[in-house]
Amino acid sequence: MVRRGGASCLFSSDRIGEKTWIMIKRRILDILNKTLEHCRDRGLLQVPVDFEPQVEVPKNEAHGDFATTLALNLAGPNRRSPREIASTLVEQMADGGGLFSRVEVAGPGFVNLTVSPAAWYQVLPEIQAQDQTYGRVNIGKGRCVQVEFVSANPTGPLHIGHGRGAATGDVLARILEATGHRVQREYYINDVGTQMDTLGRSVLLRYQQLLGRKLEFPDTCYQGDYIRDLARGMLELHGNSYRDTPEAEAVPVFTRHAADRILAGIREDLDLFGVHHDEWFRERSLYESGAVDRTIATLKAAGHIFEKDGALWFRSTAFGDEKDRVVVRANGLTTYFASDLAYHQNKFERGFELVINLWGADHHGYVARMQAGVMALGRKPDSLKLLLVQLVNLLRKGKPVAMSTRAGEFETLRAVLEEVGRDAARFIFLTRRSDSPLDFDLELAKEKTAENPVYYVQYAHARICSLMRLAEERHLPLEGSHLSRLNLPEELALIKELSFFPEVVENSARFLEPHRITYYLTQLASTFHSYYNHHRMIQDDTDLAQARLSLAGAVRIALRNGLELLGVSAPDKM
RNA sequence: GCGCCUGUAGCUCAGACGGAUAGAGCAACGGACUUCUAAUCCGUGGGUCGGGGGUUCGAAUCCCUCCAGGCGCGCCA
């Protein structure tokens with residue numbers, strides 16, 4: 001059953017180790033900072049106090065593994081040419097234990113850095129050692145974060161748009177967990193208001209029809225077949241005992257029955273999708289506990305509420321909204337916004353330092369007032385992040401599948417899951433940034449070809465597993481000390497790409513963009529497939545075989561951990 | 001009308017903090033399985049980054065303006 005809110009930030013799974021970072025980039029930054037310090041101390045360069053060197057990966061590989069723009073950025077303050085500054089830096093730079101095989105000034109004043117193969121090789125054993133934790137980065141430092149997502153009204157089954165929200169929210173939560181945050185997943189149930197009344201009335205009318213009563217079923221009621229099923233449920237439970245009950249009395253009974261049933265169905269759908277919420281928070285509880293009244297009183301005491309035309313208004317314009325908003329109507333009823341204010345106050349009272357809400361893109365007109373509300377409640381505006389999830393265009397062989405809740409002919413999440421499976425659905429939902437519309441082709445999602453990115457990535461993983469099985473049969477060592485045999489450019493490039501994984505995860509968390517993971521995995525799989533097709537792993541030269549298998553093993557770890565973040569399985573064979 | 005978002009190859013889209021010659025997948029065309037999984041790989045063509053102006057040593061990225069599209073603008077939920 002649904003639990004009441006109140007559980008605060010009690011999660012204690014602190015599985016994030018400290019040593020979760022591939023060191024190359026960090027080491028480069030250390031060297032650069034030390035060099036700058038050295039130059040400043042000896043009066044060779046003026047360095048602004050909070051100057052931080054930028055290290056990037058050049059597009060052109062002839063420009064080395066990394067490049068820094070610091071000479072370009074220091075040119076202004078020093079009134080000297082960037083190339084001159086770059087030369088000074090390079091002269092003064094101490095090589096940190098043979099990290100670089102080449103350092104040179106190029107172009108307008110870039111310093112290009114090439115990392116020595118020996119330093120790259122160290123990445124592989126480190127990935128092996130970190131294994132399951134590779135990719136975890138502790139940037140959250142135990143910060144309490146709540147992700148509220150799906151939160152569909154219990155008026156019908158989840159459709160595919162909710163599925164996208166579910167996948168995005170769940171993966172976001174996984175990414176935040178992997179980056180040292182304590183995360184709670186929450187579902188907000190709008191169980192108050194006219195939509196719920198409409199639901200109850202819809203089921204009641206169908207119930208009466210089942211009892212043989214001739215009546216018109218209005219357009220304003222929910223049309224889907226599931227309403228008839230709910231009515232049949234009531235019939236089985238209660239026979240005809242509500243046949244002549246006055247509507248005002250019967251509707252709440254039907255509403256509760258319908259909402260409970262639908263919610264149970266929603267939970268099943270989410271379960272099937274591998275999505276689990278820690279907390280199911282009922283809007284009704286905010287009224288029952290007096291939280292809504294309390295929040296309005298708080299805002300009133302702070303001078304953010306005024307009265308006009310018999311209604312109470314929240315002065316959201318004081319916080320950047322374009323107009324003020326009603327919280328209590330002239331008829332005495334509170335608005336949806338009022339309970340939302342109370343809900344967010346409640347979230348902060350539960351101790352969350354960051355609150356993330358995923359909303360359907362059609363709510364975007366609501367963003368400014370909610371942000372205003374958060375500020376009025378005395379919180380920093382960035383303690384609430386509102387992410388908008390755009391529409392999903394459901395296609396079948398490129399042609400749109402009609403979707404309309406009203407007409408009752410929508411494609412449910414469950415139907416999609418049954419057709420294409422959990423892995424494909426999750427992955428495809430995350431192939432685009434959430435605020436851009438997504439085409440979801442059912443036929444493509446089922447295809448077991450290269451066009452389907454899910455299989456592409458999973459196949460790379462299965463392929464490596466298959467390699468390992470064969471290597472074991474032939475008694476080849478999977479680990480050893482022959483990494484220096486990896487001297488092909490594509491081998492070094494693959495190690496380099498592997499080393500970026502933690503940074504991808506980190507950025508994915510920092511910008512709240514799960515699609516970065518799917519992009520990275522697709523790219524990594526592609527690099528590996530290409531490498532595999534050009535070079536034999538298992539072969540007579542056992543030292544070389546061992547080195548290549550170590551590399552493949554590290555690729556497998558990154559693929560597996562990345563898929564794990566997406567909640568997608570990493571099969572051993574396909 | 002006001003506000004927010006978007007505009008990158010034929011299509012779908014990546015490109016955090018401004019960096020060197022703008023990328024991927026699909027589609028099109030042409031190739032690679034006696035050898036570790038061809039659910040794979042390789043090659044070819046394809047672009048005034050919506051137009052214009054500005055800031056900068058340097059702009060797809062920042063600013064202004066115009067154009068085109070999407071969404072939002074209730075004492076609804």
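Letters A, B, ... are given to chains in the order of the sequence lines, protein chains preceding strands, and every chain is numbered from 1.
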### Query
Starting at OH of A:Tyr532 and ending at C1' of B:rC42, how long is that distance when rounded to a whole Å?
16 Å
### Task
Classify the ring geometry between A:Tyr366 and A:His363 as parallel (under 30°), tilted (30 to 60°) or perpendicular (over 60°).
perpendicular
### Query
Under 4.0 angstrom, heavy atoms only, what part of the nucleic acid is A:Asn73 near: base, sugar-phosphate, or nothing?
base
### Query
Of the candidate nucleotides B:rC76, B:rC36, B:rC42, which contains the atom at the shortest distance from the side chain of A:Arg329?
B:rC76
#### Entry: No-hydrogen, no-angle side-chain donor-acceptor test under 3.5 Å, A:Tyr531 and A:Glu491
yes
### Message
Please classify the nucleic acid contact of A:Asn190 as base, sugar-phosphate, or nothing, using heavy-atom distances under 4.0 Å.
### Response
nothing
### Task
State whether a side-chain donor-acceptor pair under 3.5 Å links A:Gln546 with A:Ser550.
yes
### Task
Kindly point out which of B:rC36, B:rA77, B:rU12 is positioned nearest to the side chain of A:Gln195?
B:rA77
### Message
Tell me the interatomic distance from A:Asp197, atom CG, to B:rC76, atom C1', rounded to whole angstroms.
### Response
13 Å
### Query
Starting at CG of A:Asp441 and ending at P of B:rA27, how long is that distance when rounded to a whole Å?
12 Å
#### Entry: Who pairs with B:rG69 - Watson-Crick or G-U, where each distance is under 3.5 Å
B:rC5
### Message
Students often get this wrong, so: under 4.0 angstrom with heavy atoms, is A:His529 touching a base, only sugar-phosphate, or nothing?
### Response
sugar-phosphate
### Message
Distance check needed: B:rC75 P versus A:Leu312 CG, whole Å only.
### Response
14 Å
### Task
May I have the step-by-step check of side chain to side chain contact (heavy atoms under 4.5 Å, CB included) for A:Ile356 and A:Leu387, ending in yes or no?
CA-CA 7 Å; A:Ile356 299 168; A:Leu387 304 186; 4.1 Å; yes
### Task
Walk me through it: do A:Gln458 and A:Asp423 pass the test side-chain hydrogen bond (donor to acceptor under 3.5 Å, both in side chains)?
CA-CA 10 Å; A:Gln458 288 183 320; A:Asp423 287 346; 3.0 Å; yes
### Query
How long is the line joining CG of A:Asp321 and C1' of B:rG74, in whole Å?
14 Å
### Task
Please determine if a side-chain N or O atom of A:Arg469 lies less than 4.0 Å away from the OP1 or OP2 oxygen of B:rU37.
no
## Note on the structure
Of A:Glu513 and A:Asp435, the one whose nearest nucleotide on RNA chain B sits closer to the 5' end is A:Asp435
### Distance-only donor-acceptor check, side chains A:Tyr520 and A:Ser508, under 3.5 Å
no
### Query
With sugar-phosphate meaning primed atoms plus P, OP1 and OP2, does A:Thr194 contact a base, only sugar-phosphate, or nothing at under 4.0 Å between heavy atoms?
sugar-phosphate
### Query
Roughly, in whole Å, what's the span from CG in A:Leu438 to P in B:rC13?
8 Å
### Query
Is B:rC76 paired to anything, Watson-Crick or G-U wobble with both distances less than 3.5 Å, and if yes, which nucleotide?
none
### Query
Do A:Arg432 and A:Arg164 come close enough that some side-chain heavy atom pair is under 4.5 Å?
yes
### Message
Taking any heavy-atom pair under 4.0 Å as a contact, classify A:Leu72: base, sugar-phosphate, or nothing.
### Response
base
### Task
Look through every strand shown and name the nucleotide pairing with B:rG23 as Watson-Crick or G-U wobble, where both distances are under 3.5 Å.
B:rC13
#### Entry: Pairwise P distance for B:rG43 and B:rG54, with rounding to whole Å
41 Å
### Summary
Side-chain atoms of A:His364 come closest, of B:rC75, B:rG70, B:rA14, to B:rG70
### Task
Send over the distance from A:Leu386 CG to B:rG72 C1', rounded to a whole Å.
14 Å
### Query
Is A:Pro437 touching bases, backbone alone, or none of the nucleic acid, heavy atoms closer than 4.0 Å?
sugar-phosphate
### Query
Under 4.0 Å between a side-chain N/O of A:His515 and OP1 or OP2 of B:rA24, yes or no?
no
### Message
Evaluate A:Tyr226 against A:Ile262 for side chain to side chain contact (heavy atoms under 4.5 Å, CB included), listing each step before the verdict.
### Response
CA-CA 9 Å; A:Tyr226 65 95; A:Ile262 291 172; 4.2 Å; yes
### Query
Can you check whether A:Tyr366 has a side-chain N or O nearer than 4.0 Å to OP1 or OP2 of B:rG74?
no
### Message
Over all strands shown, is A:Gln54 touching base, sugar-phosphate only, or nothing at heavy-atom distances under 4.0 angstrom?
### Response
base
### Task
Compare the aromatic ring of A:Phe110 with the six-membered base ring of B:rA20 and state whether they stack according to the 5.5 Å and 30° rule.
yes
### Message
Need the pair for B:rU37. Rule: Watson-Crick or G-U wobble, both distances under 3.5 Å, any strand; none if unpaired.
### Response
none
### Query
With sugar-phosphate meaning primed atoms plus P, OP1 and OP2, does A:Ala368 contact a base, only sugar-phosphate, or nothing at under 4.0 Å between heavy atoms?
nothing
### Query
Mind telling me whether B:rC5 is syn or anti, cutoff 90° either side of 0?
anti
### Task
Under 4.0 Å between any heavy atoms, over every strand shown, what does A:Arg433 touch: base, sugar-phosphate, or nothing? Just pick one.
sugar-phosphate
### Task
Assign each of A:His535 and A:Lys323 to its nearest nucleotide of RNA chain B by heavy atoms, then name whichever residue's nucleotide is nearer the 5' end.
A:His535
### Selection from B:rU12, B:rC75, B:rA77 that lies nearest to any side-chain heavy atom of A:Asn153
B:rA77
### Query
When we call it a touch if two heavy atoms are under 4.0 Å apart, what does A:Ser530 touch: a base, just sugar-phosphate, or nothing?
sugar-phosphate
### Query
With both distances kept under 3.5 Å, what pairs with B:rU61, Watson-Crick or G-U wobble?
none
### Message
Taking any heavy-atom pair under 4.0 Å as a contact, classify A:Tyr519: base, sugar-phosphate, or nothing.
### Response
sugar-phosphate
### Task
Provide, to the nearest angstrom, the distance between the CG atom belonging to A:Asn331 and the C1' atom belonging to B:rC76.
12 Å
### Query
For the side chain of A:Glu322, counting heavy atoms from C-beta on, which of B:rG72, B:rA39, B:rA20 is nearest?
B:rG72
### Task
Remember a base hit wins even if backbone is also touched, and classify A:His363 as base, sugar-phosphate or nothing at under 4.0 Å, heavy atoms.
base
### Task
May I ask you to say what A:Ala462 touches in the nucleic acid, namely base, sugar-phosphate or nothing, with a heavy-atom cut-off under 4.0 Å?
base
## Note on the structure
Checking N1-N3 plus N6-O4 or O6-N4 for Watson-Crick, or N1-O2 and O6-N3 for wobble, each under 3.5 Å, the partner of B:rA28 is B:rU44
### Query
Quick one: do A:Glu61 and A:Lys496 make a salt bridge, cutoff under 4.0 Å?
no
### Task
Determine the contact category for A:Lys573: base if any of its heavy atoms lies under 4.0 Å from a base atom, sugar-phosphate if only primed atoms, P, OP1 or OP2 are that close, otherwise nothing.
base
